[in-house]
Amino acid sequence: MASNKGGVTFAVIIILLVSVAFGYVLTSPTGGGLQKSNTPTKNTQYINLGADAAGWEYNYNTSDRNPVLNVNLSTTVYFNVTEMDGAPHNLYIAYDGSYSASAFAKYMSDLTTNPKSIEGSNNYKVLSTSEITQTIGHKTQGSFPFVGSSMVGIYTYWCSVHYETMVGLLIVNDTSGSASVASMHVYNGASPSHVNNQSTYSTHVSNVLVTMETAIKTVE
Amino acid sequence: MSTIDLLILASVVGSLAAVLVFLVYYLTASKAESMSLTAKEEGYTDSNAYWREQLYGKPRPLSWSIFTYDDAKSIGLRYIFTAVLFLFIAGAFGVLMRVSLFDPNPVIIQPIIYNILMTQHATLMIYMFAIGAALGFGYYLLPSQLRLKRDNMGHLSSVAYWIWVLGGALFVLSRSSMRWYLYPPLSLQLTPTGAGAFNWLAIIAMELIFIGVTMASVIVLKVIFIDRADNIPLSKMPVFAWSVVFTLIMLLSSDEPLMVGLGMLFYDFFNPVFFTGTTSTPLTFAVLFWFWGHPIVYIAVIPYFGLMYDIITRFTKTPVYSYFSGVFSLGLLMILSELVWGHHLLNSGLGIDWVLFFTSASFVVVIPSALTIFNMIGTLWKAEKIRLTTPMMFVINAILDFIIGGVTGVMLASQSVNEVAHGTYFVTAHFHFIFVGLTLGVTMATFYLLYPTFSNGRVYDERLAKWHFYITAFGSLLMSTSWAVGGYLGMPRSVAGYFAQFQAYQDSAIIGGVIIGIGQLVFLYNIAKSWLAQPTTDPYNILEYRNETNQEIGGGE
């Protein structure tokens with residue numbers, strides 16, 4: 001820039017790049033998706049799920065796949081997830097809408113016909129693929145607090161790797177009882193048998209170990 | 001936006017970028033071709049060696065060809081002007097943060113954006129501006145101050161520069177909001193409410209910045225120790241050369257822990273075993289970080305001490321009061337900087353033994369700092385006449401600001417005060433006194449001194465430069481003093497809102513911050529305006545091409 005415009009060029013470059021950087025940073029995404037609240041919750045509930053590509057196994061029970069889960073408001077739900085088949089899995093939840101019988105029926109049919117439609121982008125990743133390691137029998141835990149009246153309603157929980165088979169509904173009930181589903185697995189914290197079902201878990205792990213032993217022998 | 005729209009937009013932007021990249025490639029390639037033809041006519045096989053020899057011993061003005069030449073001075077110009085560019089980007093972020101705090105509740109920008117701005121402001125200022133300008137002045141001034149015998153690692157310096165710039169650009173693109181500490185588990189949360197969806201990119205960007213800076217440091221140390229002219233012994237080097245030596249040794253000896261830590265952090269994205277697993281603790285990362293994090297803040301100060309010595313000797317026409325104690329105290333600062341990192345973690349449960357050690361070590365840092373400052377004051381004291389040019393005023397203001405910032409820093413190093421004042425604006429005030437007053441001020445002083453060389457013999461407008469100085473100095477003092485007082489009363493820092501009882505301190509800090517911003521616009525206007533005039537002076541600058549070292553300065557130019 002032997003010419004006289006050197007300083008002007010420099011100033012223009014600075015102003016341009018500062019504006020671009022400004023615009024870029026100010027248009028950053030601000031949230032969206034489910035937010036994990038910091039408000040303390042009154043209750044805690046534990047849900048044991050086995051991660052199997054054929055479907056989420058409630059209490060590691062292969063005959064009880066993709067259950068509809070019921071929880072009450074003001075509860076921190078702990079998902080105890082165990083790797084069952086060695087495939088990569090993760091656990092997402094997303095809000096679908098407020099509860100009504102017709103909405104529930106629609107989402108139930110969506111589960112089989114069009115699961116993508118209820119696996120929203122406004123999701124929260126409870127457990128990542130790396131956390132549910134692909135080691136069979138590895139147990140891991142993720143949590144989400146359902147607190148605040150805006151959290152009442154129907155949610156989808158799913159694995160993004162096996163989004164067609166590993167998908168189910170979770171219903172958050174208002175404690176006043178305005179929205180509730182009578183059937184299915186009701187987790188209101190009252191029944192201690194559902195909390196950290198250790199016996200089922202150890203039975204399951206021993207089963208898995210026997211399977212692995214057999215597999216190793218077959219290979220040998 | 002639908003997927004198809006997105007694809008169309010992406011292809012249009014991609015095509016434009018490809019055209020632009022090709023244009024740049026074409027211009028560079030044809031320039032390189034003509035350069036190598038000229039070199040071949042002169043009988044050289046290595047065109048770069050030919051051009052370095054041609055350019056040696058001449059002042060280098062700013063031009064587009066600094067990107068095609070790779071002699072030390074061109075590399076220096078690249079670093080200096082890139083650093084000033086990032087100073088403006090990060091400074092604009094800082095001013096916006098200030099302005100957004102005019103209301104106790106975050107009404108102008110959302111807290112998430114505030115966090116992004118804060119992260120970018122801190123990281124860009126330290127890694128791109130402070131280190132960049134220090135390396136730039138090193139590359140630009142040392143070849144002429146030390147009258148180099150050879151200049152033969154330009155290609156590596158060029159690579160180091162581009163890696164460093166790429167790191168800075170990627171850091172902006174990552175929109176990271178994890179603060180410059182990068183503490184896990186926050187930095188592992190790839191959500192907008194966590195550390196930003198692209199925080200993994202920020203970790204890569206930091207690693208790139210480190211690689212670039214490490215390469216450049218090794219090369220500059222090699223320039224000082226191996227390529228120095230034979231008749232300049234180490235004991236006669238300018239203080240600036242010594243300060244660069246200490247800075248770069250400090251940098252090279254302490255950046256490995258964080259480079260390793262960043263690698264472990266990146267691994268934790270896939271398999272969290274190092275810092276957030278059941279048998280590990282995030283405090284491990286904090287220790288790795290501060291082992292580097294304390295030396296880095298000295299790296300942003302010590303080269304500027306060297307420049308201050310050189311500028312003072314120039315405008316007082318007096319040798320440094322005590323050359324030996326000046327160099328010795330900078331060396332002592334280098335050693336002590338490695339021993340005091342724990343004072344950033346005083347409240348993290350290190351245990352009373354370690355807290356006592358780090359507190360005492362931090363108090364010992366006062367000795368070399370005070371030696372440096374008294375040495376400068378002694379030089380001023382002995383001078384018969386002090387020429388109060390703009391650079392000299394910046395330097396005197398830097399001494400003043402460093403005293404205030406240093407004393408507040410020593411207060412913070414005391415465990416009892418730290419327990420109350422940590423996490424408040426008192427800390428922010430402490431380092432902004434030093435960074436704005438000293439790092440920014442001395443960079444501007446040196447920039448003004450070198451302006452005739454940069455612009456091939458033009459002079460800056462003295463009146464505008466004085467305005468720039470007064471506005472910056474006043475704004476800095478107002479902003480940092482408001483923070484110091486408000487912070488001591490408990491005003492929490494790094495948050496997008498505040499309690500309304502602190503309104504007065506925040507408002508005065510906003511005014512100060514905006515004033516600093518206006519001051520830098522005056523600087524930019526001065527550069528652009530003065531460059532339009534015809535060259536009127538000798539481009540050889542007083543900081544360069546002198547025949548004496550500091551001890552022997554007789555009568556200036």
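No hydrogens, no waters, no symmetry mates; every other heavy atom, side chains included, goes into these values.
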- Hey, could you give me the CG/CD1 distance between A:Leu26 and B:Ile108, rounded to the nearest 0.5 Å? 11.0 Å

- Query: Where does the angle between the aromatic ring planes of B:Phe93 and A:Phe22 fall among parallel (under 30°), tilted (30 to 60°) and perpendicular (over 60°)?
  - Reply: tilted

- Message: side-chain contact (heavy atoms from CB on, under 4.5 Å) for B:Leu96 and A:Val25? Distances and angles first, verdict last.
- Response: CA-CA 11 Å; B:Leu96 184 62; A:Val25 166; over 6 Å; no

- With a 4.5 angstrom heavy-atom cut-off, which part of A:Thr27 approaches chain B: side chain, backbone, both or neither? both

- Task: Return yes when atom OH of B:Tyr525 has more than 12 non-hydrogen atoms of other residues, nucleotides or ligands closer than 6.0 Å, and no otherwise.
- Result: no

- Message: Determine whether B:Val84 and A:Phe10 satisfy the following criterion, side-chain contact (heavy atoms from CB on, under 4.5 Å), listing intermediate values before the conclusion.
- Response: CA-CA 10 Å; B:Val84 173; A:Phe10 182 56; 3.8 Å; yes

- Query: What pairs meet the side-chain hydrogen bond (donor to acceptor under 3.5 Å, both in side chains) rule with one or both residues in residues 78-99 of chain B, with sequence neighbours excluded?
  - Reply: B:Arg78-B:Ser158, B:Thr82-B:Tyr161, B:Arg98-B:Tyr425, B:Arg98-B:Gln506

- Message: Looking at chain A, which one of B:Ile89, B:Leu173, B:Ile527 has the largest number of heavy-atom pairs inside 4.5 Å, strictly under?
- Response: B:Leu173

- Message: Quick check: closest heavy atoms across B:Trp64 and A:Thr9, and the distance to 0.1 Å?
- Response: CZ2-CG2, 4.0 Å

- Query: Between A:Thr129, A:Val18, A:Thr133, which has the largest tally of heavy atom pairs under 4.5 Å with chain B?
  - Reply: A:Val18

- Query: At what distance, to the nearest 0.5 angstrom, does CG of B:Leu87 lie from CD1 of A:Ile14?
  - Reply: 8.0 Å

- The salt bridge (charged side-chain N to carboxylate O under 4.0 Å, His left out) partners of A:Glu164 (sequence neighbours excluded) come to none

- Would you indicate whether B:Phe198, at its atom CZ, is surrounded by more than 12 heavy atoms from other residues, nucleotides or ligands within a distance under 6.0 Å? no

- Sort B:Ala533 into side chain, backbone, both or neither according to what part of it lies under 4.5 angstrom from a heavy atom of chain A. backbone

- In terms of heavy-atom proximity below 4.5 Å to chain A, should B:Ile109 be classed as side chain, backbone, both, or neither? side chain

- Considering only heavy atoms, which portion of B:Phe269 lies under 4.5 Å from any heavy atom of chain A: side chain, backbone, both, or neither? backbone

- Rounded distance (nearest 0.5 Å) linking atom CG of B:Leu532 with atom NZ of A:Lys5: 6.5 Å

